[in-house]
Amino acid sequence: MGGSPNNHKTFQKNMQVQEAIEKVVTPELTIRNPVFRSFALTAGVLGLKMVANNLVVQSLRNMTNNFAYAEDRALFPAFWNALSGGNYTRRTKPEDKPTLPQQSELIPRLNAAAINDAVNVPIFLLLSFTWILVAKPSEETAAKVFGTFVASRLVHVFSFVARVQPFRVLSYLTGAGATGYVVGCLLKAVYYNS
C-alpha cells in the first residue's frame with residue numbers, strides 16, 4: 001500500500017522547495033503562519049466578492065441590454081451570436097427589456113458598491129500586510145480584525161443594494177473601525193520599536 005518511489009521523490013522535492021522559500025522569505029509570509037493564512041483567506045474572500053459583484057453587474061447589463069456605452073450595446077449581440085453559431089437574438093428596443101425589481105437602480109447601486117470596495121479594500125489589505133510584518137499581531141486578534149472587515153464589506157454591499165439604512169452606514173463604519181484599528185496598531189508598533 002506504499003506510495004510509488006516517484007511520489008516520494010516528488011514529495012521530497014516539494015519539501016526542499018518549501019524549505020528554500022522559507023530561507024529566502026521571512027517566516028511571517030508563509031501559509032504556515034496562521035496570521036498570514038488568515039490574511040490570505042481575507043484577501044481571497046474580498047477578491048472573490050469584488051469579482052462576483054462585477055459578474056452580477058455584467059450579467060444584469062447583458063440580460064437587460066442596459067450597457068453604459070453604445071459600442072458595448074453593439075458588441076455583445078454580435079459576440080453572443082458568434083458563440084452560439086448565429087442562434088442568439090437580442091432585444092434592442094427599450095420597451096422589450098425585461099423588468100427586474102428596481103432594475104433602474106440595481107446596476108448603479110452595484111457599481112457604487114464596487115467603487116466603494118475599490119477605495120476601501122486595497123488600503124485595508126495593504127495596511128494589514130504591513131501590520132503583519134511590523135506589529136506581528138496574535139492569531140486571535142488578526143482573525144477578529146480580518147473577520148470583522150470581511151463581514152462589514154459583505155453587509156455593506158447587501159445593504160447598499162437592498163437600500164437598507166442604517167445597516168449600510170453601520171457596516172461602513174465597522175469596516176473603517178477595523179482599518180483604524182490596524183493603523184493604530186501599526187503606528188504604535190513603529191513608534192515603540194524605533
Side-chain angles (χ1 to χ4, degrees), residues 28-31 33-69 72 97-194:
E28 287 86 10
L29 299 181
T30 63
I31 278 306
N33 176 0
V35 173
F36 187 74
R37 189 178 318 120
S38 287
F39 172 77
L41 180 63
T42 298
V45 169
L46 291 171
L48 182 64
K49 175 198 158 310
M50 292 170 77
V51 168
N53 187 32
N54 291 334
L55 289 175
V56 168
V57 168
Q58 186 55 48
S59 296
L60 288 171
R61 287 189 184 284
N62 231 358
M63 287 170 40
T64 61
N65 200 26
N66 184 3
F67 295 98
Y69 304 102
D72 294 340
K97 289 183 185 179
T99 55
L100 298 172
Q102 304 154 355
Q103 180 254 322
S104 61
E105 257 190 76
L106 196 54
I107 292 172
R109 283 184 169 276
L110 285 167
N111 281 335
I115 290 168
N116 193 284
D117 277 345
V119 169
N120 291 287
V121 170
I123 193 70
F124 177 79
L125 292 176
L126 179 65
L127 290 168
S128 295
F129 184 77
T130 309
W131 179 48
I132 290 169
L133 291 176
V134 174
K136 298 180 181 16
S138 72
E139 179 181 352
E140 182 181 349
T141 300
K144 285 179 181 176
V145 170
F146 297 154
T148 298
F149 188 81
V150 168
S152 75
R153 297 312 305 168
L154 292 172
V155 170
H156 184 265
V157 75
F158 287 119
S159 60
F160 206 134
V161 170
R163 299 185 291 168
V164 181
Q165 284 290 17
F167 295 109
R168 189 175 93 213
V169 169
L170 293 174
S171 62
Y172 173 80
L173 292 174
T174 302
T179 304
Y181 180 82
V182 169
V183 168
C185 290
L186 182 59
L187 292 175
K188 179 182 172 187
V190 169
Y191 179 76
Y192 286 112
N193 290 327
S194 57

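Every heavy atom of this structure was used, including side-chain atoms; hydrogens, water molecules and symmetry mates were not.
A distance of 8.0 Å separates CG in Leu170 from CD in Gln165, rounded to the nearest 0.5 Å. How far CZ of Arg163 is from CZ of Arg168: 11.0 Å, rounded to the nearest 0.5 Å. Interatomic distance, OG of Ser138 versus NZ of Lys144, reported as 8.0 Å (0.5 Å rounding). From Leu55, atom CG reaches atom CE of Met50 across 12.5 Å, with rounding to the nearest 0.5 Å. A distance of 10.5 Å separates CG of Leu110 from CG of Asp117, quoted to the nearest 0.5 Å.
The side-chain heavy atoms of Tyr172 and Asn116, taken from C-beta on, include a pair separated by under 4.5 Å. Put simply, the side chain of Thr148 does not reach to within 4.5 Å of the side chain of Tyr181, judged on heavy atoms. Residues Arg153 and Phe158 form no side-chain contact, since every pair of their non-hydrogen atoms from C-beta on lies 4.5 Å or further apart. Between Val145 and Trp131, the closest side-chain pair of non-hydrogen atoms falls below 4.5 Å. By the 4.5 Å heavy-atom criterion applied to side chains, Asn120 and Thr179 are not counted as neighbours. Looking only at side-chain heavy atoms (C-beta outward), Phe146 and Phe124 come within less than 4.5 Å of each other.
Ser159 and Ser171 get closest at one heavy-atom pair: OG-OG, 4.1 Å. The shortest heavy-atom contact between Leu106 and Val161 is CD1-CG1, 3.3 Å. The two residues Ala135 and Cys185 have their closest heavy-atom pair at CB-O, 4.2 Å. Considering every non-hydrogen atom in both Ala189 and Val134, the closest pair reads CB-CG1, 3.9 Å.
Applying the 6.0 Å contact sphere to NZ of Lys49 captures more than 12 heavy atoms from other residues, nucleotides or ligands.
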Quiz item: Phe129 and Phe36: side chain to side chain contact (heavy atoms under 4.5 Å, CB included), yes or no, with the steps?
Solution: CA-CA 8 Å; Phe129 184 77; Phe36 187 74; 3.9 Å; yes

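Side-chain N or O atoms of Asn53 include none that pairs as donor or acceptor with a backbone N or O of Ala113 at under 3.5 Å. For Thr141 (side chain) and Pro137 (main-chain N/O), no donor-acceptor pair under 3.5 Å exists by modelled atom type. Within the 3.5 Å criterion, the main-chain N or O of Leu125 finds no donor-acceptor partner in the side chain of Ser128.
Under a cutoff of 6.0 Å and an axis angle of 45°, Arg109 and Phe160 do not form a cation-pi pair.
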